[in-house]
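What follows is a single structure, written as structure tokens, with notes after it.
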Amino acid sequence: MKFFHTAAIKEIDAYTIEHEPIASIDLMERAAGVLTDALLRLCDNRSFAVFAGPGNNGGDGLAVARMLHRAGRDVQVWLINPKGKLSPDCAKNLERLLALNIKVNEVRDGFVMPQLGSDTVVVDALFGSGLNKPVSEGVSADVINGINASGCRVVAVDMPSGLLGENNYPLSGVVVSATDTLTLQFPKLSLLVPENDSFVGRVHILDIGLSSIAMERSSSTLFYTDEKDVKPLLKPRAKYSHKGHYGRALLVAGSRGMAGASVLAARAALRSGVGLLTVHLPSCNNVIMQVAVPEAMTSVDSSAVCFSDCIDVSAYSAVAVGPGLGRSPESEKALLSLIDNCREAGVPMVLDADALNILSGNSEYLHRLPQGSVLTPHPGEFARLFGKISDTLSAINSVRAFVRDYNVTIVLKGAHTVVIAPDSNLYFNSTGNPGMATGGSGDVLTGVVLALLAQGITAIDAARVAVYAHGLSGDIAAECKGHRALVAGDIVECLPSAWKELDK
């Protein structure tokens, strides 16, 4: 799903109004209907308190209040209007609300938060995604602080009020802390970064029928990977195919005491369709691998405890290195040799975990990676590689030139793992859950990326598909295991269900 910066969203709104054609007040009515349906589906509460601003987000809120009333809910309404001026559509919805004899508490200054019952749902419709400056003082700031102190469940319309559509770092104003955000048509960039997690809550994307033509014509580098994006990237397996058609992959992983990382990555690769998998490992882990993953072949290092050999990679279609590798001097030397060998042979690599940590001390080798390689850092590894950055969007922007110039792909792991592509596109992931924040989860992802890369899928598509399938597998696992008890092995065990879902 392509999504947009807030300036482009205004243009898509305008195109929809002009070419559907539909009056802006009727488009607002349609959006309010979708919002109301979502509220009634999410909240079985009887009482709602709507806080509406003077603009079109407030107009959405007033229309929602009217529809909640007609649905038999108790609705209280506060219109926050410090300048005494409403947008035309907000004014029209105020008129419609008053015609139903619903009391509207208009506030221009001196706001005091009302006492609300603990079962009341607060609907935040003060400001939408068009807000262009922080809310740091005045009546609007008082309302936001009051909402946050209410103890009620808070549902934000389009955006939590006070949050800007794009980068909010460093945060200088107050922001509504929503339990749920009902965002219209597309996600917004600031809803997808960890810095804003405490404000956003659960994000629900609601289709309000904006023009598909306008969306197709509008350029963007922002994408939200969903099932519809992933399915076309997966090719069906041919009836007369054999294992050689699905790639030969090499996984270099494990050291003494870290056999588990190599096992998880190997099992994930095999559960993701690779034709042949060889695991290069120290001799201390060979029996463990042969017993735990009998489908994998092994290549035993001359060292008993770590990766130390120079490897011929010419027979492989992709190489992954890093899970449980350790950072011994022998492994450092062997990794740099492996990078050179892969570059010379034109074999793409997946680099994770200790491979990235070793690279952080040998930064010149970042520029020697084979084209089409994939790096999968978590934020700490990213900082060691590229330098500490204050916030996620700054981090992403700091490496865009690197991925473009050297034709590599970076997978920055997190709640909405983002794939940073050489063409400057950013692909935010839509699957996954907090239970996946557990040791070994990244090793599983490495195995999935390796398998897809070995099968000839491009680096960008391999990363996108792997991240989505990995998250989907985690979601399937969480349905029966819950978040607290989920472990990386559960993600591997649910990969078949995830691929089966995507192959439907």
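Residues: numbered from 1 along the sequence shown.
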Using a 3.5 Å distance criterion without hydrogens, assess whether the side chain of H378 forms a donor-acceptor pair with backbone atoms of G380.
yes

Give the minimum heavy-atom separation between R343 and R368, together with the two atoms involved.
CD-O, 3.1 Å

Exam field: side chain T36 to backbone L68, donor-acceptor pair closer than 3.5 Å:
no

Taking the side chain as C-beta and beyond, is there a heavy-atom pair between L164 and S190 under 4.5 Å?
no

Please check if the number of heavy atoms outside R271 that lie under 6.0 Å from its CZ is greater than 12.
no

Could you walk me through whether V121 and F48 pass the side-chain contact (heavy atoms from CB on, under 4.5 Å) test, one step at a time?
CA-CA 5 Å; V121 174; F48 290 83; 3.7 Å; yes

More than 12 heavy atoms from other groups under 6.0 Å of CD on E137
no

Do side-chain atoms of N148 reach the backbone of V175 as a donor and acceptor pair under 3.5 angstrom?
yes

Before you tell me yes or no, could you show the steps for E11 and S218 under side-chain contact (heavy atoms from CB on, under 4.5 Å), namely the whole-Å CA-CA distance, both residues' side-chain angles and the distance that decides it to 0.1 Å?
CA-CA 9 Å; E11 295 176 1; S218 301; 5.5 Å; no

State, with a plain yes or no, whether a side-chain heavy atom of H470 is found less than 4.5 Å away from one of V444.
yes

Chi angles and distances behind the salt bridge (Lys or Arg N to Asp or Glu O under 4.0 Å) call for E20, R30:
CA-CA 13 Å; E20 186 167 332; R30 185 161 76 196; 2.9 Å; yes

Is T16 reaching over with its side chain to a backbone N or O of I12, donor-acceptor style, under 3.5 angstrom?
yes

Rounded to the nearest 0.5 Å, what separates atom CD in Q185 from atom OG in S129?
12.0 Å

For the residue pair A261 and P323, what are the closest heavy atoms and their distance?
CB-C, 3.7 Å

Ignoring hydrogens and geometry, is there a side-chain-to-backbone donor-acceptor pair from D391 to A395 under 3.5 Å?
no

Does any non-hydrogen side-chain atom of F3 lie less than 4.5 Å from one of I205?
no

Quick one: does T392's side chain get under 4.5 Å of H416's, heavy atoms only?
no

Hey, does the side chain of S317 reach the backbone of A454 with a donor-acceptor pair shorter than 3.5 angstrom?
yes

Between D352 and K413, is a side-chain contact (heavy atoms from CB on, under 4.5 Å) present by the stated rule, with each step listed?
CA-CA 11 Å; D352 182 38; K413 293 183 285 195; 3.2 Å; yes

Between S373 (side chain) and P370 (backbone), is there a donor-acceptor pair under 3.5 Å?
yes

Does NZ in K481 sit with more than 12 non-hydrogen atoms of other residues, nucleotides or ligands closer than 6.0 Å?
no

Looking at every heavy atom in both E501 and K504, which two are closest together, and how far apart are they?
OE1-NZ, 3.2 Å

Going through the distances and angles, do S398 and F382 end up as a side-chain contact (heavy atoms from CB on, under 4.5 Å)?
CA-CA 11 Å; S398 73; F382 185 99; 4.2 Å; yes

Any donor-acceptor N/O pair, D229 side chain to M1 backbone, under 3.5 Å:
yes

Hey, is K10 close enough to D13 for a salt bridge, meaning N to O under 4.0 Å?
no

Going by atom types only, do T6 and E166 share a side-chain donor-acceptor pair under 3.5 Å?
yes

Starting from the C-alpha separation in whole Å, work towards a yes-or-no answer on side chain to side chain donor-acceptor pair (under 3.5 Å) for S430 and D226.
CA-CA 6 Å; S430 62; D226 57 22; over 6 Å; no

Regarding N425 and T221, do their side chains bring together a donor and an acceptor under 3.5 Å, going by distance alone?
no

Might you point out which heavy atoms bring V274 and A249 nearest each other, and give the distance in Å?
CG2-CB, 3.7 Å

When you check the side-chain N and O atoms of K188 and T183, is any donor under 3.5 Å from an acceptor?
yes

Using modelled atom types only, decide if a donor and an acceptor are shared between the side chain of T431 and the backbone of Y468 within a distance under 3.5 Å.
yes

Heavy-atom check, side chain of L163 versus side chain of L131, under 4.5 Å:
no

One should read off an interatomic distance between N433 CG and H483 NE2, to the nearest 0.5 angstrom, of 4.0 Å

Test item: side-chain donor near acceptor, N145 and D142, under 3.5 Å:
no

What's the separation between atom CG in L338 and atom CG in L250, rounded to the nearest 0.5 Å?
7.0 Å

Thinking salt bridges, do R96 and E29 make one under a 4.0 Å N-O criterion?
yes

Criterion side-chain contact (heavy atoms from CB on, under 4.5 Å) against I420, the qualifying member of V403, N397, V408:
V403

With ring centroids as reference points, do Y224 and F186 lie under 6.0 angstrom apart?
no

Do you know the tightest heavy-atom contact between S360 and L385?
N-CD2, 3.8 Å

Shortest non-hydrogen separation from L495 to V448 and the atoms involved:
CD1-CG2, 4.0 Å

Would you compute the distance between atom CE of M159 and atom CG of L126 and round it to the nearest 0.5 angstrom?
13.0 Å

Separation between CE (M436) and OG (S473), nearest 0.5 Å, reads 7.0 Å

K92 side chain reached by M28 side chain, heavy atoms, under 4.5 Å:
no

Which class fits the ring pair F223 and Y427: parallel under 30°, tilted 30 to 60°, perpendicular over 60°?
parallel

Test item: Q455 side-chain N/O and S272 main-chain N/O as donor-acceptor pair under 3.5 Å
yes

Ring geometry between H19 and Y15 (parallel below 30°, tilted from 30 to 60°, perpendicular above 60°)
parallel

Would you say T458 and L233 make side-chain contact, with heavy atoms under 4.5 Å?
no

In the structure I gave you, are the side-chain heavy atoms of H245 and R237 within less than 4.5 Å of one another anywhere?
no

State the CG-CG distance between D124 and D180, to the nearest 0.5 angstrom.
12.0 Å

